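Below, chain A is the first sequence line, B the second, and so on; all start at residue 1. On a predicted model such as this, the values are computed, not experimentally measured, just so you know. The basis for the numbers below is simple: all heavy atoms, side chains too, and nothing from hydrogens, waters or symmetry mates.
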Amino acid sequence: MVPLSYYLLLSGILFVCGVLGFLIKRNIITIFMSIELMLNGVNLSFVAFAAHWHALSGQVFVFFVMVVAAAEAAVGLAIIIAVYRTRETLNVDQVNLLKL
Amino acid sequence: MAGAINLLVQSHPINSALSLIAVMAALAAEYLLLGAEFVAAVQVIVYAGAIMVLFLITIMLLNAGAEERTKGSRVAILLGIPGVLIGGVLVAWTLLNRSNTQAVPIGALKGDPKDIARLLFHDFLLPFEVTSVLILIAIMGAVVLASRPRAVASGLRKDG
């Protein structure tokens, strides 16, 4: 028996870790992984609330969030590859122009 | 949680990716604990399988090295760390003391794939179909973006 608040606490910690990584990291791939971490934190709270209220819709929403995360990862990594081809760098400080 | 912190601490992206896999596996275990077997399976397959393989392939393809450290600004250190500490303590205290939620029993939720499928294909049919269109668009966008610019240009010329 684990109280709901523990799950919410873990979910919040995961989300804050994602935000921190998004803010302090300089590597664009690591920033992307931080976004995935945030999505996972939200997913955990979704499932925890679904278990708490005995509602299955929460799990369906987690499914949709995962699908969107997968699509976003595919497009984002493609963008990263395109950026790396044109600029030869992964450091976001040096990518400051959208055009070449 | 240790994996999540490790993701922040590691400077090399490969190490970050491996710690992210650890986080995914731990989350799948959490879902199993909550009784959501379907979500746990999808978590392992989609996240720990597909997305992380995508990340690792990109890291290896781009030959990403360790990132260089930048000095954080002094204001961020002076204000940020106490702010984060105070906020974290407040949230933890509120969640642990003020919430009168009862405990979630382990395996309480009927996370039957059958029930989820009924919900998914009856009540959420339209979002499901929209999702498939989204994935199609994402695939096309990824292919167009990752293909070499010259190949895209010649393909357009061939089409037009």
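Interface remark: B:Leu54 contributes backbone and side-chain atoms alike to the contact with chain A (heavy atom separation under 4.5 Å). Using a 4.5 Å cut-off between heavy atoms, A:Val60 contacts chain B through its side chain alone, with no backbone atom that close.
Between A:Ile81 and B:Leu145, every side-chain heavy-atom pair lies at or beyond the 4.5 Å cut-off. Taking the side chain as every heavy atom from C-beta outward, B:Val23 and A:Asn40 never approach each other to under 4.5 Å. You'll find the side chain of A:Phe46 stays beyond 4.5 Å of the side chain of B:Val39, heavy atoms only. For the pair A:Val47/B:Glu30, no side-chain contact is recorded, criterion being any heavy-atom separation below 4.5 Å from C-beta on. Residues A:Ile29 and B:Phe55 have side chains in contact (heavy-atom distance under 4.5 Å, counting atoms from C-beta outward). Counting heavy atoms from C-beta on, the side chains of B:Tyr47 and A:Leu39 come closer than 4.5 Å.
Note that CD1 of B:Ile51 and CD of A:Glu36 are 4.5 Å apart. Values are rounded to the nearest 0.5 Å. Atom CD1 of A:Ile80 is separated from atom CG of B:Leu61 by 11.5 Å, given to the nearest 0.5 angstrom.
Between B:Phe124 and A:Phe61, the two ring planes are perpendicular [angle over 60°; tilted spans 30° to 60°].
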>> Between B:Gln43 and A:Asn43, does the side-chain hydrogen bond (donor to acceptor under 3.5 Å, both in side chains) criterion hold? Intermediate values first, please.
In response: CA-CA 10 Å; B:Gln43 168 90 4; A:Asn43 274 352; 4.9 Å; no
>> side chain to side chain contact (heavy atoms under 4.5 Å, CB included), that's the test. Do A:Phe32 and B:Thr58 meet it? Break it down for me.
In response: CA-CA 12 Å; A:Phe32 225 69; B:Thr58 312; over 6 Å; no
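Heavy-atom pairs under 4.5 Å with chain A peak, among B:Val46, B:Leu134, B:Leu27, B:Ile139, at B:Leu27.
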